[in-house]
Amino acid sequence: MIREIRLFGDPVLRQTAEPVTEFDAQLRSLVADLRETMYEAGGIGLAAPQVGVGMRVFVYDLDEEGVAAGSLVNPTISEPAGKCREEEGCLSFPDLTEMVERPEQVKVEGFDENGDPVCLVASGMLARCLQHETDHLDGIMFFDRVSPMKRRMLLKKWRKQRD
Ligand code: NI
């Protein structure tokens, strides 16, 4: 089922999401909905808070071959290495992008929707996507990671666009 993507301004995007405790049918249906909603919107990642669900879950898919695709439940990020600046955007903040500096490589650990452990050492675009989506679980938007001046400019453009 395609769910409505919440936009910046919706309080759910600023809340800290709760850890998942039950790997049940409800969780699997949430993950299926996140995937469907992400594909429909043409995104490469989507976190549960973006559809109004305050749980620590996200899905991602960076290619058509399904190599860099999956779901993460209760993810933790460790072992950041290097630095990289790339353009980032967000389905909850459409049409606006900015260069964001993040670690180039990270280790991400968690579970999939069946409760099986997941451990990824990711770099490049995948590392960026996994960090961006994990940020959503802590109420952090990508523009919280740019300079105050750039953030002000982005928010100004956002308000103008919404008028
Ligand atoms: Ni996002």
Requested in this report: Might you work through the side chain to side chain contact (heavy atoms under 4.5 Å, CB included) test for His132 and Arg145, ending with a clear yes or no?
Outcome: CA-CA 10 Å; His132 176 116; Arg145 300 201 179 275; over 6 Å; no

Report task. Go through the steps for Arg56 and Thr16 under the test side chain to side chain contact (heavy atoms under 4.5 Å, CB included), then give the verdict. Result -> CA-CA 9 Å; Arg56 302 189 77 80; Thr16 302; 3.9 Å; yes

Query raised in the report: For Leu120 and Lys107, what are the C-alpha separation, side-chain angles and deciding distance, and is it a side chain to side chain contact (heavy atoms under 4.5 Å, CB included)?
Result: CA-CA 6 Å; Leu120 293 164; Lys107 184 175 176 181; over 6 Å; no

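Arg151 contributes atom CZ, which lies 7.5 Å from atom CG of Leu155 (distance to the nearest 0.5 angstrom). Atom OG in Ser123 sits 5.0 Å away from atom CD in Glu104 (nearest 0.5 Å). Atom CD of Gln50 sits about 4.5 Å away from atom SG of Cys90, to the nearest 0.5 Å. Interatomic distance, Met141 CE to Asp135 CG, rounded to the nearest 0.5 Å: 10.0 Å. In this structure, the separation between CD on Glu113 and OG on Ser71 is 3.5 Å, given to the nearest 0.5 Å. Here the CZ-CZ distance, from Phe93 to Phe143, works out to 4.5 Å after rounding to the nearest 0.5 Å.
For Asn114 against Arg28, the heavy-atom pair with the smallest separation is OD1-CD, 3.3 Å. The two residues Cys129 and Tyr60 make their nearest non-hydrogen contact at SG-CB, 3.8 Å. Leu7 approaches Pro94 most closely through the heavy-atom pair CD2-CD, 3.7 Å. Looking at every heavy atom in both residues, Asp144 comes nearest to Gly139 through OD2-O, 4.3 Å. Scanning all heavy atoms of the two residues, the minimum distance from Ala127 to Val106 falls at CB-CG2, 4.1 Å.
Under a 4.5 Å side-chain heavy-atom criterion applied to ILVMFWY residues, the cluster that includes Ile140 comprises that residue alone. The hydrophobic cluster around Val59 extends to Ile5, Val20, Phe23, Leu27, Leu30, Val31, Leu34, Met38, Tyr39, Leu46, Val51, Val53, Met55, Val57, Val73, Leu91, Phe111, counting ILVMFWY residues whose side-chain heavy atoms fall within less than 4.5 Å of a member.
Side-chain contact annotation: Thr76 with Glu109, donor-acceptor N/O pair under 3.5 Å absent.
Taking 4.5 Å as the limit, some side-chain heavy atom of Leu137 sits within range of a side-chain heavy atom of Pro49. Between Phe142 and Leu154, some side-chain heavy-atom pair lies under the 4.5 Å cut-off. Val100 places none of its side-chain heavy atoms less than 4.5 Å from the side chain of Glu87. For the pair Asp116 and Val118, the minimum side-chain heavy-atom distance is 4.5 Å or more. The shortest distance between side-chain heavy atoms of Thr134 and Leu72 does not fall below 4.5 Å. For the pair Gln131 and Ile77, the minimum side-chain heavy-atom distance is below 4.5 Å. Contact check for Val121 versus Gln105: side-chain heavy atoms found under the 4.5 Å cut-off. The side-chain heavy atoms of Leu96 and Phe8, taken from C-beta on, include no pair separated by under 4.5 Å.
Here the side chain of Glu133 pairs no donor or acceptor atom with the backbone of Leu130 at under 3.5 angstrom. Proximity of a side-chain donor or acceptor of Thr37 to a complementary backbone N or O of Ile2 within less than 3.5 Å is not detected.
Within a 6.0 Å sphere centred on CD of Gln26, other residues, nucleotides and ligands contribute 12 heavy atoms or fewer.
Among Glu86, Glu88, Glu101, the single residue meeting the salt bridge (Lys or Arg N to Asp or Glu O under 4.0 Å) criterion with Arg128 is Glu88.
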